[in-house]
Amino acid sequence: MSEFFEPDAPASQAVFFRPGEMRDLTARLHAALDDPRGRIVIRQVGDARAHGLQILHERYEPGADTGDQMLEHPAHEGGIVIAGEIEVTVGEETELLKAGDGFLFDSRRPHRFRNVGDRAAEVVSACTPPYL
């Protein structure tokens, strides 16, 4: 899916990235979701397609939800909550993760992310191969 949305641009040799240099994938995320609720901001480090690895900084405002339709895609993903709390559902398992907690799973399993708290949640995650 990432290849469809990525603009045709030469692969960057950049190694370091400042906040203003991150790729904003928010519009791509909302286009991929049937029923996004709340505000979710997704920013990507560098050219995921060129490296076969997608590293994301995700921000979920209170009430943000990837939707009732569970996500599924051929990849593996993992991450660490760096602020707030995020409810993660993978298959039949649901857990409320807090700052310092992490997750790692096969993305072919249906999954969902929701901020059920009253403050923003931030997650740093990785996905291979890239999804968005």
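We find the CG-OH distance between Asp65 and Tyr60 to be 9.5 Å, quoted to the nearest 0.5 Å. Rounding to the nearest 0.5 Å places CD of Glu93 at 11.0 Å from CZ of Phe105.
Every salt bridge (Lys or Arg N to Asp or Glu O under 4.0 Å) that Glu87 has, sequence neighbours left out, goes to Arg114. In terms of the side chain to side chain donor-acceptor pair (under 3.5 Å) criterion, Glu85 has no residue partners (sequence neighbours excluded). For the side chain to side chain contact (heavy atoms under 4.5 Å, CB included) test, residues two or more places apart in sequence or in another chain that qualify with Val81 are Ile86, Leu97, Val123. In this structure Glu92 satisfies the side chain to side chain donor-acceptor pair (under 3.5 Å) test with no other residue, sequence neighbours excluded.
Screening Val45, Ile82, Ile80 for a side-chain contact (heavy atoms from CB on, under 4.5 Å) with Val124, the sole residue that qualifies is Ile82.
Remark: side-chain polar atoms of Asp47 are not paired, donor with acceptor, to backbone N or O of His51 under 3.5 angstrom. Side-chain atoms of Gln44 come within 3.5 Å of backbone N or O of Gly46 as a donor-acceptor pair. Remark: the backbone N or O of Arg43 is not paired with any side-chain donor or acceptor of Asp24 at under 3.5 angstrom. In this structure a side-chain-to-backbone donor-acceptor pair under 3.5 Å is present from Thr26 to Ile42.
For Glu72, the CD atom sits in a packed shell: over 12 heavy atoms of surrounding residues, nucleotides or ligands are nearer than 6.0 Å.
With hydrogens and angles left out, the side-chain atoms of His111 and Glu77 include a donor and acceptor closer than 3.5 Å. Checked by atom type, the side-chain pair Thr128/Gln54 shows no donor-acceptor distance below 3.5 Å.
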**OP:** Could you please spell out the steps behind the side chain to side chain contact (heavy atoms under 4.5 Å, CB included) verdict for His76 and Cys127?
**Re:** CA-CA 6 Å; His76 287 85; Cys127 182; over 6 Å; no
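Residues Gly117 and Pro62 approach most closely at O-CB, 3.5 Å, considering heavy atoms. The shortest heavy-atom contact between Gly91 and Met70 is O-CE, 4.0 Å. Contact detail for Pro130 and Arg49: the closest heavy-atom pair is CG-N, 4.2 Å. Taking both residues in full, the closest heavy atoms of Leu53 and Ala126 are given as CD1-CB, 4.1 Å, listed atom of the first, atom of the second, then distance.
Listed by first then second residue, pairs satisfying salt bridge (Lys or Arg N to Asp or Glu O under 4.0 Å) with a partner in residues 99-108 read Asp106-Arg108, not counting sequence neighbours.
In this structure, the side chains of Leu25 and Leu56 come closer than 4.5 Å at one or more pairs of heavy atoms.
Alongside Val116, the hydrophobic cluster contains Leu96 (criterion: ILVMFWY side chains under 4.5 Å).
Taking the six-membered ring for Trp and thresholds of 30 and 60 degrees, His73 and Tyr131 have nearly parallel ring planes, at less than 30 degrees apart.
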